[in-house]
Amino acid sequence: MNIENKLRVVLIYLRSFDHYSYWNPLSIESLIGHLKGKLSQQIYVHGLDIREKEQIKKIDTIIRNYDVVGFSVSSYTLEVLQEILHSCKLFDKKVVVGNQLATYLPDSLFEFFCAHSDVKKENLYMLLGEGEETIEKVIKKIHAKECDFHDIPNIVYYSGENGLLHTKKEFIDLKNLKFIPSYLDEINPEKTYQMQLSRGCYWGACVFCTRYSFRHNKRWQSFNLTRIFADLKEIIITKDANNIEFCDDEFFGGRKNENLIRAYCIAKKIKELCDQRGRKINYRIFTRPDFIFNKDDFEQNKKVQRLLFFMKKTGLARIYLGIESGCDSQLKRYNRGIDLEIIKGALKSLQEIDLKFDSGFILFDPDLELNEIIDNIKFYKENDIIETNQWFWRPMIANIGSIIGKRFLEMGKEADLNSMSIEYSYSDKIIQYLYEITDFESRKTRNLFYALKSISKKDYDYEDENEYNSIAHEIVKK
């Protein structure tokens, strides 16, 4: 079938031009890959990553050529979304909206679209959670010119006199997702490509985390190895990448032998592909301290360490380790399921094989006490890991979909649609004062840090004249 006779779909990834958070378009890349694999005979699908404000001026011209327009709306992107909606015509389009804001605040986002665009209510669909199977079913109905969507899980849509209808929530079984992402970028070996070989976390109960709720109460699950190997081949051989960041919520899925075997097979495949092209690759992963060390399982600790050492030889350059706190009382309050003994055991294991790591950290939480700040500072100094920290002064964000977010909602506080979070004050007035001072004094350093972090990512804009980005670029070059 010619393109002219197919349903034309464009998926648009939004990012903030002002906030320091890091953005990558893997969400729409995954959807596009799935749609191409499943519906290539019926539809033509294209992806658009909004990296620059200049693109917004041309977006109406682009959208005119499509029947279905999709938006991936993460936190802090409403300003960009509003500007796009004001600059284009959607009255004759079907519009699908996904990602975080659509998942956690679908009614509010639905109203936002209606207030800022000419989209018809009956043509607007919010997709909740992981969207591959959901968008496939919605697109099929649109292609068939059907009007009843009540049997599609994980959507919110306008059903006439009944108003907004919320269909039932179901998690997606990753074993059914056989098609790899369709990466938007051209071949560039110097970029760091984001890949995802699994979703969720085997713990999934931390008070600040939203991954468990985003997956509709499903913990860690891996894609099948056939898909994983095809994805690795696409990035290492076709894209000729030198750097990969596996942005899995947690890479391994646990310490059982089956998890270790899976990771070994992945590392072995990476080595095979690198040998095939004649050049190694550097890659990074995310995990928890209790994957590396368990105080009651010395034998498995050694197996894990040997696995990590093998992965290091295949290109594993750095682990992002979710420490989050150096204080036992705070770890318990965070419901991390670990204590300082486990964290110190994990650090020791990594140091023994000289494997570099970054440590995730959340210093400020609503119930923080002064003695806990002192304990955290002491922990960092004693373990000499200040240089490995992502951002020591980071506050806990009370996001919708997290346990801490639910706590504040039950107290009658309202969520901000743009940030997807709830503002709160600290229980201790002294802590509140310290946080405000720290936040103000560290603002410039914090922005510089995130600019440095962004330079290693594939979508860093070297033409950006932002003061902090320019300084960071010069530091990295030196």
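- The ring-ring contact (aromatic ring centres under 6.0 Å, His included) analysis of residues 229-248, with sequence neighbours excluded, yields the pairs F246-F251, F246-Y283.
- No side-chain donor from either of H216 and E170 sits under 3.5 Å from a side-chain acceptor of the other.
- No donor-acceptor pair closer than 3.5 Å links the side chain of S117 to the backbone N or O of C114.
- Applying the side chain to side chain donor-acceptor pair (under 3.5 Å) test to every pair with at least one member in residues 218-227, sequence neighbours left out, gives these pairs: D173-Q221, S198-W220, S222-R262.
- Y125 and F149 have their aromatic ring centers within a separation under 6.0 angstrom.
- Ion pair R279/D240 flagged as a salt bridge, since at least one NZ, NE, NH1 or NH2 atom sits closer than 4.0 Å to an Asp/Glu carboxylate oxygen.
- In this structure, Q305 contributes its side chain and S349 its backbone to a donor-acceptor pair below 3.5 Å.
- Listed by first and then second residue, the side chain to side chain donor-acceptor pair (under 3.5 Å) pairs involving residues 81-93 are H86-H116 (not counting sequence neighbours).
- By the 30° and 60° cut-offs, the orientation of the rings of F214 relative to Y104 is tilted.
- Residue pairs meeting the salt bridge (charged side-chain N to carboxylate O under 4.0 Å, His left out) criterion with at least one partner in residues 115-135, sequence neighbours excluded, are E130-R199, E130-R215, E132-R199.
- Between R8 and D67 no salt bridge is recorded (no basic side-chain N to carboxylate O distance below 4.0 Å).
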Tell me which donor-acceptor pairs under 3.5 Å the side chains of residues 287-294 have, and how far apart each pair is, sequence neighbours excluded?
unit_1 : atom_1 : unit_2 : atom_2 : d
T287   : OG1    : E250   : OE2    : 2.6
R288   : NE     : D290   : OD1    : 3.0
R288   : NH1    : R336   : O      : 3.4
R288   : NH2    : D290   : OD2    : 2.9
R288   : NH2    : R336   : O      : 2.6
D290   : OD1    : Y202   : OH     : 2.7
N294   : OD1    : D296   : N      : 2.8

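- Side-chain contact of D416 with S419: a donor-acceptor pair under 3.5 Å is present, judged by distance alone.
- Side chains of S27 and S72: a donor on one and an acceptor on the other come within 3.5 Å.
- Counting only residues at least two apart or in different chains, salt bridge (charged side-chain N to carboxylate O under 4.0 Å, His left out) contacts with residues 53-65 comprise E54-K57, D60-R64.
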